[in-house]
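First up is the structure itself, then whatever we jot down about it.
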Amino acid sequence: MSVRVRFAPSPTGYLHIGGLRTALYNYLFARRNGGTLVLRIEDTDRARFVADAESDILESLRWSGIDVDEGPELGGPFGPYRQSERSALYRDAAEQLIASGHAYYAFDTPEALDAMRNRLASQGSSSPRYDAMTRMEMTNSLTLDANEVSARLSAGDPHVVRLKVNSGQDITFTDAIRGQVTFRSDEVDDQILLKSDGLPTYHLANVVDDHHMEITHVIRGEEWLSSTPKHILLYRYFGWAPPEMAHLPLIFSPSGGKLSKRKSEIEGIPVFVREYRQIGYEADALVNYLAFLGWNPGDDRELFSKEELISEFSLERVGSSGVQFSIDKLKWYNEQHLRSLPDTELVTRVQRDLVKRGIETDEKYLTRVLSVMTDRISLAADLASQARYFFEDPRGYDEAGVKKRWKGDSAKLLSAYAGRLASIEPFDAATAETALRDLADEQKVGAGRIIHPVRLALSGVTFGPGLFELIEVLGRETCLRRIRAAVDTLGH
RNA sequence: GCCGCGUUCGUCUAGGGGUCUAGGACGCCGGCCUCUCACGCCGGUAACACGGGUUCAAAUCCCGUACGCGGUACCA
């Protein structure tokens, strides 16, 4: 049987970084095994529905290079792929369970449920729940007589459908990552399958869809591990074979706990994929990093292309303990991927960012700039934010730098050097360097006495590429203009 | 509280009874290079949660404890 997996996000918000990791593992597993990746939108919660969440999920997956084979956009033989469009399926399934005695109608009001839970809690119950022990005290088709039930149903009384979980049995399943896991059925409550609005809960919809879509492996976050026994029971009651289960370790914030919007601001870790795209991370770098958040190839290699990940990925090598997200490590991956990019690709990336900032430049010039800057940036966007002087004259000079480097003789030395730059041939790094060192010798000063103030004049700052490379890239006109401006401004 | 899952350097991890005085990567520290800042290279810091047990031998197997995380909704 060919592998079919799914990524099934709920459109209650933008695609989360943890969601992307889940999508990625499903994608890698599918591609590795020549299988199919299904995208299913689980929009059964009307209260938390966010209108533009689905398009964000689609766009984020596309940006990340995770292409799905079936989904709401491109269709497929098992559609529709939005749960809101499959309601009839779930209702039929629920009725089937009622008919076979594995589910029942319940008419309890929210108040009645609260009262029941409070009462049990006050009696010292360790876990008040709607289950085999308590359901006989509630208002449902197991305690009401048949006439009353049909009367209520035809009167349109609000009701839900609950799973009837028998007590006293062990529910065991094998998780591909954790091995055998067992729950006692006494710990599983009579889960609501169909809500009073007629829509299914996750548990029902998930099992019904995974079966109808012929999903062979369920790869999802560990937060679902505890509800898996409910799903196993559902498969059993429907008479369906459950898929393989694999629960991925959760991703945490560096301070522990889950990554939240709030923490993201404090700790500088974005939670939404779209933010990584906006900041300018390389999709391949993010994917590479995310792949390693819970998986590794078993040796020392760390830099992987998407294709390499596909050919090496396996669930056997996925770890079982939660992992902390590290923005430093991601930054490192981004640097590595950036530097491995072909020149033309890098130029394209950086130019896109420059255009956004209203900086115009041509590719030829940018290629030369990058030849001296690639090793100095972590993100494509760093060029504009950290080395704007390649595109416009400095608007000021770093104060501490001036204090440290601009001496009494700087103006005189720089003017003299400008004089040499005006006529050197060819105008390149080597010649500029010779000219500077000759001048320093003649003036009986160390070369640094000229180099540092010239850098300040050209860039406004005290760091950056080698001065002579900088001079060559900027060109004669610009260098002369900037040196004159600095002499005028900083004086002496 | 109850149930489940987890626990190797600060972080991501290798390790699946002897080859481990525990390896790699990020970070951090130091050095080299050098006109600055990076890159690169070299070196350093730092871990088997704790307690029992099994065994000739345990980071590796078992039990317990602690801690962390998840679940415990008409949310997914």
Side-chain angles (χ1 to χ4, degrees), chain A residues 8-13 42-45 47-48 106 108 110 113 117 121 124-130 158-162 175 177-179 181-184 186-189 191-203 205-206 220-229 247 249-250 252 254 256-258 289 292-303 319-333 335 339 372-378 386-387 401 404-405 433 436-437 446-452 454-456 459 461-468 470:
Chain A
S10 187
T12 53
E42 309 219 324
D43 54 349
T44 57
D45 185 347
R48 293 200 306 155
D108 312 279
L113 292 171
R117 292 189 181 113
S125 165
S126 59
S127 46
R129 64 167 76 88
Y130 205 122
H159 64 274
V160 300
V161 173
R162 284 183 181 270
D175 184 277
I177 292 167
R178 279 148 233 283
V181 182
T182 300
F183 288 81
R184 278 197 305 282
D186 306 51
E187 290 145 14
V188 180
D189 66 359
Q191 179 63 47
I192 291 179
L193 301 176
L194 226 44
K195 298 180 278 192
S196 57
D197 64 4
L199 292 177
T201 55
Y202 170 87
H203 309 284
N206 175 70
R220 72 228 306 189
E222 197 192 338
E223 73 268 25
W224 293 111
L225 189 63
S226 332
S227 33
T228 304
H247 289 90
L250 263 17
F252 300 115
K258 56 181 173 183
Y289 174 60
F292 273 72
L293 229 39
W295 172 89
N296 73 79
D299 54 40
D300 289 344
R301 292 168 302 154
E302 302 217 68
L303 265 14
S320 53
S321 50
V323 294
Q324 281 185 29
F325 193 95
S326 163
I327 205 80
D328 280 334
K329 194 86 181 240
L330 171 60
K331 201 172 126 187
W332 179 77
Y333 274 104
E335 288 164 359
R339 283 164 204 160
V372 300
M373 286 301 291
T374 307
D375 283 345
R376 274 169 255 260
I377 57 176
S378 298
Q386 291 174 18
K404 185 175 179 192
R405 303 295 195 186
E433 176 160 12
L436 188 142
R437 293 195 188 279
R449 195 72 173 225
I450 308 175
I451 288 172
H452 295 297
V454 171
R455 181 196 314 287
L456 213 40
S459 70
V461 293
T462 57
F463 55 88
L467 180 68
F468 306 108
L470 178 62

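Within every chain, numbering begins at 1; the chains are lettered A, B, ... in the order of the sequence lines, protein sequences first and strands thereafter. Because the structure is a prediction, the values reported are computed rather than measured.
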Check your understanding: NA contact type, A:Gly294, heavy-atom cut-off 4.0 Å: base, sugar-phosphate, or nothing?
Key -> sugar-phosphate
**Study point:** A:Lys331 NZ to B:U11 P, straight-line distance once rounded to whole Å
**Key:** 20 Å
Practice item. Pick base, sugar-phosphate or nothing for A:Arg117, based on heavy-atom distances below 4.0 Å to the nucleic acid. Key: sugar-phosphate
Check your understanding: Should B:A46 form a Watson-Crick or G-U wobble pair with both distances under 3.5 Å, which nucleotide is its partner?
Key -> none
Review point. Does B:C75 have a Watson-Crick or wobble mate here (both distances under 3.5 Å), and if so which one?
Key: none
**Study point:** Among B:C35, B:C12, B:C3, the nucleotide that comes nearest once only the side chain of A:Phe183 is considered
**Key:** B:C3
**Study point:** Residue whose closest nucleotide on RNA chain B lies nearer the 5' end, A:Gln324 versus A:Ile177
**Key:** A:Ile177
Exercise for review: Identify whether any heavy atom of A:Val454 sits under 4.0 Å from a base atom; if not, whether one sits that close to sugar-phosphate; answer base, sugar-phosphate or nothing.
Suggested key: nothing
Review point. For the side chain of A:Thr12 and the backbone of A:Arg48, is there at least one donor-acceptor N/O pair under 3.5 Å apart?
Key: no
**Study point:** base_contact_polar (B:C75 base, A:Arg48 side chain, donor-acceptor, <3.5 Å)
**Key:** yes
Study note, to complete from the structure: All heavy atoms of A:Gly221 vs all of A:His247, minimum pair found to be O-CD2, 3.4 Å
Practice item. Round to a whole Å and report the spacing from CG of A:Leu293 to P of B:U11. Key: 13 Å
Review point. Base, sugar-phosphate, or nothing: which does A:Asp108 touch, judged by heavy atoms less than 4.0 Å apart?
Key: base
Check your understanding: To the side chain of A:Leu225, which of B:C5, B:G70, B:U13 is closest?
Key -> B:C5
Review point. Any idea which heavy atoms bring A:Ala205 and A:Pro200 closest together, and the distance?
Key: CB-CG, 3.8 Å
Study note, to complete from the structure: Using Watson-Crick geometry (N1-N3 plus N6-O4 or O6-N4) or G-U wobble (N1-O2, O6-N3), each under 3.5 Å, B:A66 is paired with B:U7
Review point. NA contact type, A:Phe252, heavy-atom cut-off 4.0 Å: base, sugar-phosphate, or nothing?
Key: sugar-phosphate
Review point. Among the nucleotides B:G70, B:C35, B:C26, which one has an atom lying closest to any side-chain atom of A:Glu223?
Key: B:G70
**Study point:** Residue whose nearest RNA chain B nucleotide is more 5′ - A:Asp300 or A:Trp295
**Key:** A:Trp295
Check your understanding: What is the base-pairing partner of B:A14, counting Watson-Crick and G-U wobble geometry with both distances under 3.5 Å?
Key -> none
**Study point:** Heavy-atom pair of closest approach, residues A:Asn206 and A:Glu42
**Key:** OD1-OE2, 4.4 Å
Exercise for review: Once you apply the 3.5 Å cut-off to both distances, tell me the Watson-Crick or G-U wobble partner of B:U34, or none.
Suggested key: none
Revision key, fill the gap. Taking every heavy atom of A:Arg437 against every heavy atom of A:Phe468, the minimum-distance pair comes out as NH2-CE1, 4.3 Å
Check your understanding: Expressed in whole Å, how much space separates the P atoms belonging to B:U13 and B:U72?
Key -> 25 Å
**Study point:** A:Trp224 CH2 to B:G70 P, straight-line distance once rounded to whole Å
**Key:** 14 Å
Check your understanding: Taking N and O atoms by type only, does the side chain of A:Arg178 place a donor or acceptor under 3.5 Å from a partner on the base of B:C5?
Key -> no
